[in-house]
Amino acid sequence: MIGVFDSGVGGLSVFKELRKALPRERYVYFCDNAHCPYGTKSQQYIIDRAEAITKFLMDKGCNIIVVACNTATAAAIAHLRSHYPDFPFVGIEPAVKLAAAVTSKKVIGTLATAGTLSGEKYALALNRLPADIKVVEHIGEGFVELVENGKFEGPEVEEVIKKSLNPLLEAGADVIVLGCTHYPFLSPAIEKIAGENVTVIDPAPAVARRTKDILPSSDGIYGFEYYASGSPATLEKLLETLE
């Protein structure tokens with residue numbers, strides 16, 4: 001059984017890709033929206049939440065957990081792996097390596113939360129890039145809140161996106177990396193503003209492939225259940241679109 005968790009509904013962008021890669025598996029999704037967003041929280045706060053959710057998913061019978069949240073991966077996955085050394089965890093981080101292979105202008109833009117941009121995993125990923133690659137960054141201010149409130153398109157959404165995306169475009173970025181699992185739900189609006197000459201990268205498919213590679217043996221039973229620490233309304237709305 002595969003456990004998946006995020007600070008809110010954003011991890012459903014990862015769950016969607018997991019289900020494509022592994023359709024005949026059982027899933028438990030935990031939406032921690034009562035504590036969302038994680039991006040403004042302290043590392044210890046996020047570790048505590050990740051620990052509590054991990055125990056919940058283990059009690060449900062999960063034998064692998066996907067941390068479908070960039071901020072939680074940055075803040076807590078090392079802690080989880082050290083405390084449960086024999087248990088498989090899959091994290092997520094901004095796909096700057098892939099972006100470096102795609103860019104023609106040698107300029108990559110990263111949209112992410114403050115917690116992700118300041119994390120060690122992101123710093124290590126940047127250090128592995130070729131020296132001629134320039135990376136510009138911006139916090140996706142208000143992006144998570146839009147998605148958690150079920151707002152994915154329209155003038156209000158585009159105005160919020162422009163404030164964070166335009167600085168990256170003005171810096172010459174021709175590839176935009178989505179560094180938060182909430183952001184893919186805004187991809188149509190992001191792509192519209194960015195224009196057809198800019199590539200937008202979602203790391204979720206890579207997470208699904210990694211999960212498939214290390215998945216423990218399956219019991220052959222498949223299905224899905226979900227839980228939310230806050231209101232399940234937006235979660236249920238988005239789940240309907242994934243059917």
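Note that these values count all heavy atoms, side chains included, but never hydrogens, waters or copies made by symmetry.
- Using a cut-off of 4.0 Å between Lys/Arg side-chain N and Asp/Glu carboxylate O, Lys55 and Glu51 are scored as salt-bridged.
- Salt-bridge annotation for Asp32 and Arg49: present, with a side-chain N of the basic residue lying under 4.0 Å from a carboxylate O of the acidic one.
- In terms of heavy atoms, Ala173 sits closest to Ile108 at CB-C, 4.0 Å.
- Here the side chains of Val144 and Tyr183 are in contact, with some heavy-atom distance below 4.5 Å.
- Side-chain contact check for Val200 versus Leu178: some heavy-atom pair is nearer than 4.5 Å.
- The aromatic rings of Phe87 and Tyr84 sit perpendicular, their planes meeting at an angle over 60°, well past the 30° parallel limit.
- When each of Ser13, Ser7, Pro203 is paired with Thr181, the side-chain contact (heavy atoms from CB on, under 4.5 Å) condition holds for Ser13 and for no other.
- Side-chain contact between Leu12 and Leu239 is present, with at least one heavy-atom pair separated by less than 4.5 Å.
- Expressed to the nearest 0.5 Å, how far SG of Cys180 lies from CG of Leu111 amounts to 10.0 Å.
- Using a 4.5 Å cut-off on side-chain heavy atoms (C-beta onward), Leu126 and Glu137 make contact.
- Side-chain atoms of Glu156 and Lys151, non-hydrogen and from C-beta on, do get closer than 4.5 Å to each other.
- For the residue pair Val136 and Ala171, the shortest heavy atom distance occurs at CG1-CB, 3.8 Å.
- With values rounded to the nearest 0.5 angstrom, Met1 atom CE is found 10.0 Å from Leu57 atom CG.
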Asn70 and Thr113: CA distance, side-chain angles, deciding distance, side-chain hydrogen bond (donor to acceptor under 3.5 Å, both in side chains) verdict: CA-CA 8 Å; Asn70 294 77; Thr113 67; over 6 Å; no
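- Within the model, atoms SG of Cys69 and OH of Tyr38 stand 6.5 Å from one another, a figure rounded to the nearest 0.5 Å.
- Scanning both residues, Gly11 and Tyr29, for their nearest heavy atoms gives N-OH, 3.1 Å.
- Under the 4.5 Å side-chain criterion, counting only non-hydrogen atoms from C-beta, His182 is in contact with Glu148.
- Across Thr71 and Gly115, no two heavy atoms sit closer than the pair CG2-CA, 4.2 Å.
- Heavy atoms from other residues, nucleotides or ligands lying under 6.0 Å from OH of Tyr45 number more than 12.
- Lys192 and Glu158 are joined by a salt bridge, as a carboxylate oxygen and a charged side-chain nitrogen come within less than 4.0 angstrom of each other.
- At least one donor-acceptor pair under 3.5 Å links the side chain of Ser229 to the backbone N or O of Ala34.
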Tyr227 vs Phe56, ring-ring contact (aromatic ring centres under 6.0 Å, His included): CA-CA, chis, key distance, verdict: CA-CA 10 Å; Tyr227 300 87; Phe56 176 85; 5.1 Å; yes
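- Using a 4.5 Å cut-off between side-chain heavy atoms of Ile, Leu, Val, Met, Phe, Trp and Tyr, with links allowed through other members, Ile133 and Ile176 fall into different hydrophobic clusters.
- Side-chain contact, Glu25 with Tyr27: no donor N or O sits under 3.5 Å from an acceptor N or O.
- For Pro85 against Ser82, the heavy-atom pair with the smallest separation is CD-O, 3.7 Å.
- The main-chain N or O of Val177 is never found under 3.5 Å from a side-chain atom of Thr110 such that the two would form a donor-acceptor pair.
- Of the possible polar contacts, none joining the Asp202 side chain to the Pro184 backbone as a donor-acceptor pair under 3.5 Å is found.
- Atom-to-atom distance recorded for Gln43:CD and Asp48:CG is 10.5 Å, nearest 0.5 angstrom.
- Rounded to the nearest 0.5 Å, atoms CD1 (Ile77) and CD (Glu120) are 12.5 Å apart.
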